[in-house]
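This report concerns only the one structure given below.
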Amino acid sequence: MILQALTRYYEDLLSRGEIAAPGWAPAKISLALYINENGELTQIVPTMVEGTKGKKTVMQPQLMVLPAAVKRTVSIASNFLWDNSAYLLGIDQKGKPERSRECFAAAAKLHHAVLDGIDSPNGCAILAFFDTWEPERAAEHPALIRQLDDVTAGGNLVFRVDGRKVEEDAAIREAWQRYRDGGESGVKMQCLVTGKEDEIAAVHPSVKGVRDAQSSGAALVSFNAPAFCSYGREQNYNAPVGKHAAFAYTAALNHLLADKSSVQTIGDTTVVCWAEGAEPVYQDYAQAFLFGGETPKGLSDNDLRAALKRLADGKPCDDLGVDPNRPFYILGLAPNAARLSVRFFLRDTFGRLMRNVNAHYERLRIVGSRYEMLPLWAMLRETVNLNSRDKSPAPAMAGATARTVFSGGPYPAALLEGVMLRIRAERNVTWGRAAILKAYYLNNPHTDCPKEVLTVSLNEASTNPAYTLGRLFSVYEAVQQAANPSINATIKDKYFSSAAAMPASIFPVLNNLYQKHLRKLSTAQRVYYDKQVGALKNVLSEELPTRLTLAQQGAFDLGYYHQTQKRYTKKEENENG
């Protein structure tokens, strides 16, 4: 399913002219070797262009569509029309001149194999260059003397004949296609992706751009051990994919991964998404809705929220330029040695996906929030110790949470555990953590954390004991702060975690402290707080719970958060009034 969807996406991109044809791929080029029609090197011209790295503007190699790169590790294998200085000039900075000359010889052999006999002045010039160039005297060449370090630094070079782009020469393109289509292995089978008979790819092209995977590229489909062989079939003949499909799916995936504005990272998972038809507007909206990316078409946050609700409700969205019934895909990839692991792969209509996402945001709605739509990265950050060296959320939990948001299933228990761990460790119920608690128990119902406490703002009518205890703790804290405005550490710093877990042991202590703090207040303040405490105590039985379950602790935390937010809201209203 993944390979079929990516192959279809490649065909869509090809029809739109947004991706290279089979046998061609983008390559990063730093310099151009200018030769004349006699094959003589005349000059070396930089091809660097301005780009951005973070917030900085930097010079970086230019992307050019050239014959596809060969897959090499330590073996000597040349690219056609472009490569590094070892292959095109026979020199480099590695201190191994013999190997560099072997690389040059391999490049010369490849170019003769492709270009011999074709009617093209550009092709003849390239062959003449390989026939006359002397690697041992390269450093003395006038065109190289001043740029030797730049040329041999490891960047890629490309040929230019009297300034002409040789990769656009029709005769050279035809010769490359003939060479690429020749040399068949003879192993033809039915391709499991297209269903057509095709020559099977023994090794699939590499996928680049997955975070923490091999920088040289990793395989999505790979068999490289005898244990994986069956019925005498080795390597990728175990799962026969035709050469066209192997090229197409990897080209499409590399195209997605190369656009950094459309790639998201969740834990150790690199996430890409696309729609059938390859129209970028679907990706733009998905990035904004799912990951808090840039709002498309200059829409405000309110406009974006309204657009999401319309999509979720299945209403006409012609003005947005999207079709709710368009198939949409989300793929999450993680590194795994030399291969890639698929964390998740989801296929649904764009409208149904937005319905799931909108329901997720509705569950997260809570008083005091800083985002209209809490991005997934910000949500997962609530499970992380921000003072630690590694600030990444747990990979398995992050992947499972993302899958839940996209598919509408129950949230993973690891998400709740991560949030509760941070609340207990930091004794701090942030709005993001409160929102997650509310969303979790709305989507994963539990009798110990009923709907009456899972409200957007304070539910003063709730009689839930754990929720009421959380509210009472917040009032006790407010009294202490009113009595000692300059205090550095409040009862929350000392008692919050234990009060949420063992209220019967801790609340008598808190009540004694409350009485002491109350004496420091004015009469009006004492009456004001006494009324609140009395009303909350009337809800509770005289015998407090010895221990609270995890779900009850969630209700306690929500009660504390809601009561505290009401206090801050009243304070702001008084200041503004």
Side-chain angles (χ1 to χ4, degrees), residues 14 19-42 47 63-73 75-91 99-135 138 155-186 198-199 201-206 242-244 246-248 250-251:
L14 190 62
I19 200 169
W24 298 76
K28 295 180 180 179
I29 305 298
S30 302
L31 298 162
L33 299 179
Y34 276 58
I35 60 176
N36 59 27
E37 292 194 352
N38 296 322
E40 298 168 340
L41 179 63
T42 57
T47 58
L63 273 178
M64 300 181 187
V65 178
L66 295 166
V70 294
K71 188 172 183 179
R72 62 190 181 211
T73 51
S75 59
I76 293 176
S78 174
N79 294 321
F80 180 59
L81 300 182
W82 66 278
D83 216 313
N84 59 47
S85 62
Y87 284 92
L88 298 195
L89 297 172
I91 54 174
R99 179 177 171 81
S100 297
R101 291 184 187 119
E102 289 175 5
C103 292
F104 179 79
K109 182 179 179 181
L110 170 65
H111 284 77
H112 271 287
V114 177
L115 300 175
D116 274 348
I118 71 167
D119 183 16
S120 166
N122 293 327
C124 293
I126 292 172
L127 293 181
F129 169 82
F130 279 109
D131 291 339
T132 58
W133 182 257
E134 300 177 15
N156 291 317
L157 301 82
V158 68
F159 283 116
R160 294 284 179 262
V161 177
D162 289 337
R164 297 189 297 271
K165 295 182 178 180
V166 294
E167 66 272 15
E168 296 179 356
D169 186 311
I172 291 180
R173 292 179 70 90
E174 290 176 8
W176 169 244
Q177 199 62 41
R178 284 195 303 271
Y179 176 83
R180 182 179 172 275
D181 293 339
E184 294 184 354
S185 67
D198 193 3
E199 182 187 354
V203 178
H204 294 194
S206 297
K243 280 192 171 181
H244 171 75
F247 167 80
T250 51

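These figures come from a predicted structure and were not determined experimentally.
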Next item on the list: Search all heavy atoms of Leu14 against all heavy atoms of Ile19 and return the closest pair with its distance.
Entry: N-CG2, 3.6 Å
Notebook entry, point to check: Would a 4.5 Å heavy-atom cut-off, applied to side chains only, mark Glu167 and Ile172 as touching?
Noted result: no
Margin query: Donor-acceptor pair, distance only, cut-off 3.5 Å: does the side chain of Asn84 make one with the backbone of Ala86?
Written below: yes
Next item on the list: Indicate yes or no: at least one non-hydrogen side-chain atom of Ile76 is less than 4.5 angstrom from one of Cys103.
Entry: yes
Notebook entry, point to check: Is the backbone N or O of Glu168 less than 3.5 Å from a side-chain atom of Arg173, with the two atoms forming a donor-acceptor pair by type?
Noted result: no
Note to self: Between Trp133 and Leu89 (side chain of the first, backbone of the second, donor and acceptor by atom type, cut-off under 3.5 Å), is there such a pair?
What the structure shows: yes
Give every donor-acceptor pair under 3.5 Å between a side-chain atom in residues 116-130 and any protein atom, sequence neighbours left out.
from	atom 1	to	atom 2	distance (Å)
Asp116	OD1	His112	ND1	2.9
Ser120	OG	Asn122	N	3.3
Ser120	OG	Gly123	N	3.1
Ser120	OG	Asp169	OD2	2.8
Asn122	OD1	Arg164	NE	3.1
Asn122	OD1	Arg164	NH2	2.8
Asn122	ND2	Asp169	OD2	2.9

Notebook entry, point to check: What closest approach, in Å, do Ala113 and Tyr179 show between heavy atoms, and which atom pair accounts for it?
Noted result: CB-CE1, 4.0 Å
Note to self: Between Asn156 (side chain only) and Lys28 (backbone N and O only), is there a donor and an acceptor less than 3.5 Å apart?
What the structure shows: yes
Note to self: Students often mix this up, so state it plainly: with edges at 30° and 60°, are the rings of Phe159 and His111 parallel, tilted or perpendicular?
What the structure shows: perpendicular
Checklist line | With Glu134 via salt bridge (charged side-chain N to carboxylate O under 4.0 Å, His left out) - residues at least two apart | finding: Arg137
Check: Can you name the closest pair of heavy atoms from Phe247 and Pro22 and give their distance?
Finding: CE2-CA, 3.0 Å
Notebook entry, point to check: Which distance, rounded to the nearest 0.5 Å, do you find between the CG of Leu41 and the CD1 of Ile35?
Noted result: 8.0 Å
Note to self: Using 0.5 Å steps for rounding, measure from the CG atom of Leu31 to the OG1 atom of Thr47.
What the structure shows: 6.0 Å
Note to self: For Ile29 versus Met64, what's the shortest heavy-atom pair and its separation?
What the structure shows: CG1-SD, 3.8 Å
Item checked: CA sep, side-chain torsions, deciding dist, call: Glu40, Thr132, side chain to side chain contact (heavy atoms under 4.5 Å, CB included) -> CA-CA 8 Å; Glu40 298 168 340; Thr132 58; 5.9 Å; no
Item checked: Under 3.5 Å: donor-acceptor pair, side chain of Tyr87, backbone of Ala77 -> yes
Next item on the list: Kindly indicate whether the side chain of Asn79, heavy atoms from C-beta on, has any atom under 4.5 Å from the side chain of Leu66.
Entry: no
Item checked: Minimal non-hydrogen separation, Trp24 against Gln177, with atom names -> NE1-OE1, 4.2 Å
Notebook entry, point to check: Can you name the closest pair of heavy atoms from Ala68 and Trp176 and give their distance?
Noted result: N-CZ2, 4.3 Å
Notebook entry, point to check: In Å, rounded to the nearest 0.5 Å, how long is the span from OG1 of Thr42 to CG of Leu33?
Noted result: 9.5 Å
